[in-house]
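Structure, as structure tokens:
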Amino acid sequence: MSAAKLHHVKTETFDVDARTNTDPKGFVRPVDEYRVEPWGLYMARPADHPEFGYLESWLLPEPGLRVSIFHFRPGFERDQDRYIDVGNFWAEGSVWHSRDHYLDLVVRTGRGTTVEDVDELFAGVAAGLLEPEDAERAVHIALAAVDGIAAHGYDLDAWLASRGMPLTWR
């Protein structure tokens, strides 16, 4: 594990009333759309990232997932349909929060799901940036998601809909 991959737990805020998203680096981004549902928060916003120009995400507190679609710019496309961050997600009034727990899943609908950044999870725990209990929870969340997605033909949206969380996208 290289020291270059070690980073603090990423946190974000999502202010529904102000229609802003404060990213892990502290940049406040304007949001085109927020939608609050009983099972989570949907966000759609432009991105000034060199590889993607638009981002859609669902924060899902109960399963501990943030599901995203990155709208990649030409030449930067990736073989993925959904990107999942594992962590804690919660609301305090109209402000939502996320605390990423390093593990990520990449879903290729109908073909498979891979788990990424296990090395970052271990490095974060070893450096005292993430409590072992949070890391254990993250592993359980990731394994449950991989199993659920696989049981639904590698269709993340179908799995979540079966759990009462029908996701809709732009």
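Just so we're clear, the structure is a prediction, and the values are computed from it rather than from any experiment.
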Pairwise distance NE2(H97) to CG(L41) - rounded to 0.5 angstrom | 11.5 Å
Quick one: list whatever passes salt bridge (charged side-chain N to carboxylate O under 4.0 Å, His left out) with D48, sequence neighbours left out.
-> R29
Residues forming a side-chain contact (heavy atoms from CB on, under 4.5 Å) with V31, sequence neighbours excluded = N21, Y34, M43, R45
Checking E120 side chain against V118 main chain: does a donor-acceptor pair fall under 3.5 Å?
-> no
Identify, with sequence neighbours excluded, every residue that meets ring pair (Phe, Tyr, Trp, His ring centres under 6.0 Å) alongside Y154.
-> none
Could you state whether W96 and M165 fall into the same hydrophobic cluster, counting links through intermediate Ile, Leu, Val, Met, Phe, Trp or Tyr residues with side-chain heavy atoms under 4.5 angstrom apart?
-> no
Can you name the salt bridge (charged side-chain N to carboxylate O under 4.0 Å, His left out) partners of R163, sequence neighbours left out?
-> E62
S94 backbone acceptor or donor facing D17 side chain under 3.5 Å | no
Of Y83, F76, W169, the one forming a ring-ring contact (aromatic ring centres under 6.0 Å, His included) with F70 is Y83
Interatomic spacing from OG in S68 to CG in L59 - rounded to 0.5 Å | 8.0 Å
Remaining members of F27's ILVMFWY cluster at a side-chain heavy-atom cut-off under 4.5 Å?
-> none
Roughly how far, to the nearest 0.5 Å, is the CZ atom of R170 from the CG atom of D32?
-> 5.0 Å
So if you build clusters from Ile, Leu, Val, Met, Phe, Trp, Tyr with side-chain heavy-atom gaps below 4.5 Å, do V16 and L167 land together?
-> no
Please report the closest heavy-atom contact between R73 and P50, naming both atoms and the distance.
-> CD-O, 3.2 Å
dist T11:OG1 -> D100:CG (nearest 0.5 Å) comes out at 9.5 Å
Got a sec, which residues hit side-chain contact (heavy atoms from CB on, under 4.5 Å) with H71, two or more places apart in sequence or on another chain?
-> Y54, E56, I69
So CD1 of I84 and CG of L156: to nearest 0.5 Å the spacing works out to 4.5 Å
Which residues pass the side-chain contact (heavy atoms from CB on, under 4.5 Å) test with A158, sequence neighbours left out?
-> H152, D155
Can you tell me how far CZ of R66 sits from CZ of R99, rounded to the nearest 0.5 angstrom?
-> 15.5 Å
Find out if a path of hydrophobic residues (ILVMFWY) with successive side-chain heavy-atom gaps under 4.5 Å connects L65 to V115.
-> yes
In residues 132-151, what donor-acceptor pairs under 3.5 Å come from side-chain atoms, sequence neighbours left out?
unit_1 : atom_1 : unit_2 : atom_2 : d
R137   : NH1    : G87    : O      : 3.4
R137   : NH1    : N88    : OD1    : 2.4
R137   : NH2    : N88    : OD1    : 3.4

Determine yes or no for a side-chain-to-main-chain donor-acceptor pair under 3.5 angstrom, with R19 supplying the side chain and P30 the backbone.
-> no
With sequence neighbours excluded, what pairs up with H49 under the ring pair (Phe, Tyr, Trp, His ring centres under 6.0 Å) test?
-> F52
Hey, any chance L6 and L130 share a hydrophobic cluster, counting ILVMFWY side chains that come within less than 4.5 Å of each other, even indirectly?
-> yes
Answer yes or no: is there a donor N or O on one side and an acceptor on the other, between the side chain of Y102 and the main chain of H7, under 3.5 Å?
-> yes
Which residues share a salt bridge (charged side-chain N to carboxylate O under 4.0 Å, His left out) with D104, sequence neighbours left out | none
A18 meets the side-chain contact (heavy atoms from CB on, under 4.5 Å) criterion, sequence neighbours left out, with D15, T20
Run the side chain to side chain contact (heavy atoms under 4.5 Å, CB included) check on E37 and Y42 step by step: do they pass?
-> CA-CA 8 Å; E37 297 289 350; Y42 171 78; over 6 Å; no
Residues two or more places apart in sequence or in another chain: which of them pass salt bridge (charged side-chain N to carboxylate O under 4.0 Å, His left out) with R35?
-> E33
Any side-chain heavy-atom pair from R82 and W58 closer than 4.5 angstrom?
-> no
Any ion pair linking D85 and K10 (charged N to carboxylate O, less than 4.0 Å)?
-> no
F89, V86: one ILVMFWY side-chain cluster at the under-4.5 Å cut-off?
-> no
